[in-house]
Protein chains: 2
Amino acid sequence: MNVSPESSDLLPREQAEALLAQHGIAATEQRLEIARLLFARHQHLSAEQILAQLSLQASRVSKATVYNTLNLFAETGLVREVIIDPAKRFYDSNLDPHHHLFHTDTGRLEDVPPARIQIADLPGLPAGTEVLGVDVVIRVATRKPQ
Amino acid sequence: MNVSPESSDLLPREQAEALLAQHGIAATEQRLEIARLLFARHQHLSAEQILAQLSLQASRVSKATVYNTLNLFAETGLVREVIIDPAKRFYDSNLDPHHHLFHTDTGRLEDVPPARIQIADLPGLPAGTEVLGVDVVIRVATRKPQ
DNA sequence: AATACGAACTAGACTTTGTCTAAACCGCTG
DNA sequence: CAGCGGTTTAGACAAAGTCTAGTTCGTATT
Ligand SMILES: [Mn+2]
Ligand SMILES: [Mn+2]
Ligand SMILES: [Zn+2]
Ligand SMILES: [Zn+2]
């Protein structure tokens, strides 16, 4: 289940409350727990990783609530859903515009500053459609020894 | 299961054989069936769509073989695997470099000519890594009536 | 303080995509 | 014709995510 052994600092509760408020999300104990964990730093976590981390702490949050909450966060733009790994969705706590570097052999996901990549001009979009986002993913692998 | 009611023309068998040969893949009846279907035109199909289409024709190809074959095609670069829809992988028969426009509400996936999007410069990559690909995805939705 | 009510949470069943295993099959070659 | 890789197959399995129906929670009203 691969719980990273990172520092377990959480975002202060007041800051988590502010984040939810800014996005019009009612604060609940479980939503705050998830926000405090996810926004502790810039990172990309899957639902299962969050579930596992919460279990490590004493925070009992059910699987259904973790999924519901992440969907809610994503809908309101509080987190960015990153579709890169075909097996699972990542939730990105970095809200600044940026792109991604994906190491296919390790599963590691890295942020790439947007300045280095220029989208020249988007194609003319069909009328009545709105752009939700432009995602750039650079897939890399460790070079095969030949 | 959503089998599109498109014309059921298949790629001529000889051309499918040539494609496999070019990529060092041994030709079998099942692999040819899949290639003839997928490369009939530029399109993006999921494994399940291919399985369903094959069933419509009299071609009995097992689920395991469809998945095995698509993985084989993807590894050898005969098809391009497109990770966009978190629920399933698409296999792209358009081998020319290009980007994608994804309609999140319909699931429709459209090609975008690469000329319109410029990648200015890639970040300095860690030594010993090779770029497998750079994918640009524009996610759009039908504008909500407000 | 007791009650009512909508929102949120939960356990667990369920669905879907994709992988794996073990047996059967197929085309060759010796 | 026996043997041998490589391929195909059915069906079991795994994992992510969704759904349902019942419970709990927070708050407002009496
Ligand atoms: Mn989700
Ligand atoms: Mn090629
Ligand atoms: Zn990111
Ligand atoms: Zn395409």
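Because only heavy atoms are used, hydrogens play no part in the values below, and waters and symmetry mates are left out as well, while side chains stay in. The sequence lines fix the lettering, A, B, ..., with proteins before strands; numbering per chain opens at 1.
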For the pair made of [atom1] in [X] and [atom2] in [N], what is the distance, rounded to whole Å?
X	N	atom1	atom2	value
A/E81	D/dA16	CD	C1'	12 Å
A/E75	D/dT18	CD	C1'	13 Å
A/L70	C/dC9	CG	C1'	15 Å
B/I83	C/dT17	CD1	P	14 Å
B/Q49	C/dT16	CD	P	15 Å
B/R31	D/dG6	CZ	P	11 Å
A/L32	D/dG26	CG	C1'	14 Å
B/L51	D/dT8	CG	P	14 Å

Short N/O separations, protein against nucleotides 18-22 of chain C, under 3.5 angstrom:
unit_1: C/dG18; atom_1: OP1; unit_2: B/R89; atom_2: N; d: 2.8
unit_1: C/dG18; atom_1: OP2; unit_2: B/Y67; atom_2: OH; d: 3.1
unit_1: C/dG18; atom_1: N7; unit_2: B/K63; atom_2: NZ; d: 3.4
unit_1: C/dG18; atom_1: O6; unit_2: B/K63; atom_2: NZ; d: 2.9
unit_1: C/dT19; atom_1: OP2; unit_2: B/N71; atom_2: ND2; d: 3.2

Do the side-chain N and O atoms of B/Y91 and B/Q49 include a donor-acceptor pair separated by under 3.5 angstrom?
-> no
Note: B/V66 and B/L54 closest approach over all heavy atoms is CG2-CD1, 4.1 Å
| message | With a 4.0 Å limit, can you tell me whether B/Q30 has a side-chain N or O closer than that to the phosphate oxygens OP1/OP2 of D/dT9? | response |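 Looking at the OP1 and OP2 atoms of D/dT9, one of them is under 4.0 Å from a side-chain N or O of B/Q30.
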Discussion item. OP1 or OP2 of D/dT9 versus the side-chain N and O atoms of B/T65: is any pair under 4.0 Å?
Written reply: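 For B/T65, the contact criterion (side-chain N or O under 4.0 Å from OP1 or OP2 of D/dT9) is met.
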* Derivation of the side chain to side chain contact (heavy atoms under 4.5 Å, CB included) call for A/F90 and A/L45 -> CA-CA 5 Å; A/F90 284 107; A/L45 295 179; 5.7 Å; no
Requested in this report: Report the C-alpha separation of B/I84 and A/I83 in whole Å, then their side-chain angles, then the decisive distance to 0.1 Å, and conclude whether the side chain to side chain contact (heavy atoms under 4.5 Å, CB included) test is met.
Outcome: CA-CA 6 Å; B/I84 281 191; A/I83 310 299; 5.7 Å; no
*asked:* I need the full list of salt bridge (charged side-chain N to carboxylate O under 4.0 Å, His left out) pairs touching residues 67-93 of chain B, with sequence neighbours left out, sorted by first then second residue.
replied: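 Qualifying pairs, neighbours excluded: B/R80-B/D135, B/E81-B/R89.
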Can any side-chain N or O of A/S59 pair as donor or acceptor with the backbone N or O of A/S55 at less than 3.5 Å?
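No, the answer is negative, given that no donor and acceptor are paired below the 3.5 Å cut-off.
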Sorted by chain and residue number, the salt bridge (charged side-chain N to carboxylate O under 4.0 Å, His left out) partners of A/E110 (sequence neighbours excluded) come out as none
For A/R60, the salt bridge (charged side-chain N to carboxylate O under 4.0 Å, His left out) test, sequence neighbours excluded, returns none
Reckon B/T28 touches a base, only the sugar-phosphate, or nothing at all at heavy-atom distances under 4.0 Å? sugar-phosphate
Next on the checklist: Suppose we screen for ring pair (Phe, Tyr, Trp, His ring centres under 6.0 Å). Which residues come up paired with A/H100, at least two apart in sequence or across chains?
Outcome noted: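 Testing A/H100 for ring pair (Phe, Tyr, Trp, His ring centres under 6.0 Å), a comparison that skips the adjacent residues, returns A/H44, A/H98.
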Atom pairs, protein N/O to nucleotides 26-30 of chain C N/O, distance under 3.5 Å:
none

